[in-house]
Amino acid sequence: MTGHSIRLATNAEDALKALSEMTRVLSNTEVGFYQAADIAMRELQSAVHASAALLAVPGKEGADPVILAQKNVRGLRAFSATLLRNTLASENQNAVITTPPDSSSVARLVITSVLCVPVWHDNRSVGAIYLDRRGPGAPPFDETACRLAVCFARSLAPAIVLLGGVEQDRARLQRMQADCEEARSASAHLLGMYSFGTMATQSHAFSETLRNAERAAHFDVDVLLMGEQGTGKEHLARAIHTASARAAGRFIPVSCIGIHETIIETDLFGAPSPRDQLAAARRPGAFEQASGGTIFLDDFDGLPQSVQPKVLRAIETRRIYPTGGSEEVPVNVRVIAATTADLFEEIERGSLREDLLFHLNKMTIDLPSLRDRAEDVPLLAEHFLRLEAAQIGRTDLKGFDAAALRRLSAYDWPGNLRELKSVIGRGAILSKGPMIRLGDVAPSLAPFGRRRRERIRGGMTLRQRVIKYEVDLIRSALTQTGTIASAARLLGVRRQALQQRCRRLGIDAPRTKGGEGDDEEE
């Protein structure tokens with residue numbers, strides 16, 4: 001581009017030649033817009049005998065104009081910025097030749113004449129060209145200079161619009177990159193949040209749970225999590241996923257309880273698109289979405305009976321039939337199921353397939369209730385306080401006073417971790433100082449106070465009483481009958497279910513003897 005010059009426009013013919021040269025400069029695809037505009041403005045400045053020249057576009061939301069190219073201009077105080085702003089904001093598409101009003105900047109710069117040309121495209125202002133002449137005796141711009149600048153502005157308009165689109169695309173790309181970075185940071189945060197290292201404990205029972213979960217993470221096997229509501233089964237499932245070789249894949253949670261069988265089947269196995277019934281357009285289900293990662297079946301015992309055979313087949317073969325489809329789809333998933341129910345009772349009632357349970361309980365992990373790991377309450381309370389304080393902006397909160405901590409540690413926690421987190425959240429809101437006090441948490445615990453006092457007086461929880469009664473009943477039946485099969489008939493359960501229950505409760509059951517009918521199926 002260097003070496004090009006435009007003769008001074010002394011007449012219309014020279015002006016047209018100058019315009020042709022500037023248009024060629026601007027349309028050169030070997031250089032970027034800013035370099036081409038800078039060269040073209042230099043040529044325009046020379047062609048019209050201007051002391052200063054610049055090309056500008058409106059700033060965002062009333063901000064100062066954005067200068068795209070300039071010659072002999074240094075900042076907004078080096079030209080008549082008021083005239084430029086007025087041109088950018090005007091609805092008049094005509095060029096303006098004017099003598100600038102008296103002002104300190106005009107007087108200091110000795111500006112004698114200004115030519116402002118709006119750049120319009122599709123009936124809207126997209127920019128403006130500013131030219132001025134300075135110095136004692138400098139003549140005003142003439143009509144030839146004006147026509148040349150107007151023609152140049154018309155040629156320039158499409159390029160400015162295109163530049164605006166490019167800048168918008170660049171801004172969108174930058175936002176997308178920022179969003180991706182934020183997502184990566186959030187993913188890293190979640191990976192840290194759902195790691196075994198964040199699950200501090202002083203409880204022997206929960207330490208054993210963590211050891212089993214870590215072992216499960218290292219082997220690509222399905223896992224069954226058992227525990228009361230609110231004991232953190234999904235949190236533990238995510239930790240297993242994060243510590244496994246599938247961590248880069250997705251973790252897809254699915255609630256299996258209280259959902260119509262048609263909906264849960266579609267959620268699990270996918271469905272055709274409502275707009276296009278072709279298989280290629282169908283909506284993938286959770287098993288496909290989790291391929292390469294983990295699917296978490298929460299409240300697994302709530303699966304409708306009509307869906308259980310399909311889930312069993314998916315677990316057995318790692319292949320599914322999408323709802324309404326006829327072709328198998330392979331899925332590479334780990335299945336983690338969770339339940340609060342006694343699954344053997346569900347099998348006895350006929351609401352759960354026995355073979356489905358057998359395929360899932362290769363690795364069974366029991367999560368202890370919070371009352372069975374009371375020594376962890378102070379640790380968990382401090383952990384939840386940090387989370388809740390950060391969420392509500394209470395950076396002044398430091399901890400709990402002794403009375404509040406004693407009350408939290410003595411409470412029964414029927415809602416387990418979920419209830420503890422809720423109580424701490426309310427305490428963080430109610431607290432008027434840096435310490436959570438007894439009065440901040442006691443009202444949340446009052447409805448269950450009588451239950452806690454009864455537990456202390458009796459020395460056993462309801463769950464412990466039920467387990468003790470069950471153990472005594474089974475032992476009594478075994479003593480009366482002498483065999484597992486006979487005891488099962490007496491108790492009205494299947495022999496296999498009673499054997500499983502004896503193993504789970506630590507009951508020494510007599511071995512099955514041939515010839516007494518003990519090998520018969522109940």
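Bear in mind that the values here come from a model prediction, so they are computed numbers and not experimental data.
For Pro58, the side-chain contact (heavy atoms from CB on, under 4.5 Å) test picks out Leu88, with sequence neighbours left out. Contacts of Thr201 classified as side-chain hydrogen bond (donor to acceptor under 3.5 Å, both in side chains), with partners at least two apart in sequence or in another chain: Asp376.
Atom CG in Leu387 sits 11.0 Å away from atom CD1 in Ile424 (nearest 0.5 Å). Between the CZ atom in Arg501 and the CD1 atom in Ile484 there is a gap of 11.5 Å [rounded to 0.5 Å]. Annotation: the span from Asn332 atom CG to Asp220 atom CG amounts to 7.0 Å, rounded to 0.5 Å. Rounding to the nearest 0.5 Å places CG of Leu352 at 8.5 Å from CD of Gln305. With rounding to the nearest 0.5 Å, the separation of CG in Leu498 from CZ in Arg503 is 10.0 Å. Remark: Leu360 CG to Ile315 CD1 distance equals 4.0 Å, nearest 0.5 Å.
Minimum heavy-atom separation, Ile252 to Ala290: CG1-CB, 3.7 Å. Residue Leu478 comes nearest to Ala487 through the heavy atom pair CD2-CB, 3.6 Å, listed as atom of the first residue, atom of the second, then distance. The minimum heavy-atom distance linking Ser409 with Pro378 is given by the pair OG-CG, 3.8 Å. Taking all atoms of both residues into account, the shortest heavy-atom contact from Leu312 to Leu356 is CA-CD1, 3.8 Å. Heavy-atom minimum distance, Asp372 versus Ser203: O-OG, 4.3 Å. In plain terms, the two heavy atoms of Met363 and Ala216 that are nearest each other are CG-CB, 3.8 Å.
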Report task. List the steps, then state whether salt bridge (charged side-chain N to carboxylate O under 4.0 Å, His left out) holds for Asp222 with Lys362. Result -> CA-CA 7 Å; Asp222 297 332; Lys362 293 177 184 176; 5.4 Å; no

Query - Working for salt bridge (charged side-chain N to carboxylate O under 4.0 Å, His left out), residues Glu388 and Arg394 - result: CA-CA 8 Å; Glu388 296 296 324; Arg394 288 290 305 273; over 6 Å; no

Query - Candidate pair Gln229 and Asn416, rule side-chain contact (heavy atoms from CB on, under 4.5 Å), full reasoning - result: CA-CA 7 Å; Gln229 289 283 359; Asn416 293 295; 5.5 Å; no

Requested in this report: Decide yes or no on side-chain contact (heavy atoms from CB on, under 4.5 Å) for Leu54 and Leu84, but give the supporting numbers first.
Outcome: CA-CA 10 Å; Leu54 64 84; Leu84 175 64; 3.8 Å; yes

Query raised in the report: After noting the C-alpha distance and the side-chain angles of Arg371 and Glu228, does the key distance pass the side-chain contact (heavy atoms from CB on, under 4.5 Å) rule?
Result: CA-CA 11 Å; Arg371 61 181 168 274; Glu228 297 177 6; 2.4 Å; yes

Report task. Check the pair Ser207, Arg211 against side chain to side chain donor-acceptor pair (under 3.5 Å), reporting the backbone distance first and the verdict last. Result -> CA-CA 6 Å; Ser207 295; Arg211 282 192 292 271; 4.9 Å; no

Query raised in the report: Given the rule in the side-chain contact (heavy atoms from CB on, under 4.5 Å) test, do Leu210 and Leu236 qualify, once you have shown the distances and angles that lead to the verdict?
Result: CA-CA 8 Å; Leu210 290 180; Leu236 189 66; 4.1 Å; yes

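A donor-acceptor pair shorter than 3.5 Å cannot be found between the side chains of Arg238 and Thr242.
Stacking of Arg373 on the aromatic ring of Phe206 is recorded, both the 6.0 Å distance cut-off and the 45° axial limit being met.
For the pair Leu224/Leu343, a side-chain contact is recorded, criterion being any heavy-atom separation below 4.5 Å from C-beta on. Within the 4.5 Å cutoff, no side-chain heavy atoms of Phe400 are placed close to those of Arg407. Proximity of Ile264 to Val254: side-chain heavy atoms (C-beta onward) are separated by under 4.5 Å at one or more points. With contacts defined as side-chain heavy-atom distances shorter than 4.5 Å, the pair Ile320/Lys310 does not qualify.
The main-chain N or O of Gly227 is found under 3.5 Å from a side-chain atom of Lys233 such that the two form a donor-acceptor pair. Trp413 places a side-chain N or O within donor-acceptor distance of the main-chain N or O of Leu408, the cut-off being under 3.5 Å. Proximity of a side-chain donor or acceptor of Gln70 to a complementary backbone N or O of Ala56 within less than 3.5 Å is not detected. With Gln289 contributing its side chain and Pro284 its backbone, the two residues share a donor-acceptor pair below 3.5 Å. With hydrogens and angles disregarded, a donor-acceptor distance shorter than 3.5 Å links the side chain of Thr87 to the backbone of Leu83. Looking at Arg250, its side chain never comes within 3.5 Å of a backbone N or O of Gly292 through a donor-acceptor pair. Arg334 places a side-chain N or O within 3.5 Å of a backbone atom of Phe219 that can act as its donor or acceptor partner. Under the 3.5 Å distance criterion, the side-chain polar atoms of Ser422 are left unmatched by any main-chain donor or acceptor of Arg418. Although no hydrogens or angles enter the test, the distance criterion places a donor-acceptor pair under 3.5 Å between the side chain of Asp342 and the main chain of Phe344. A donor-acceptor contact shorter than 3.5 Å is absent between the side chain of Thr231 and the backbone of Pro368.
Dense packing is recorded around CG of Asp396, with more than 12 heavy atoms of other residues, nucleotides or ligands lying under 6.0 Å away. Residue Arg353 places its CZ atom among more than 12 non-hydrogen atoms of other residues, nucleotides or ligands, all under 6.0 Å distant.
Between Phe269 and Phe287, the distance separating the two ring centers is shorter than 6.0 angstrom.
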Please report, to 0.1 Å, the donor-acceptor pairs under 3.5 Å made by any side chain of residues 293-304, with sequence neighbours excluded.
unit_1	atom_1	unit_2	atom_2	d
Thr294	OG1	His241	ND1	2.8
Asp301	OD1	Thr339	OG1	2.6

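Ion pairing of Arg349 with Glu346 is present here, as a side-chain N (NZ or NE/NH1/NH2) and a carboxylate O approach within less than 4.0 Å.
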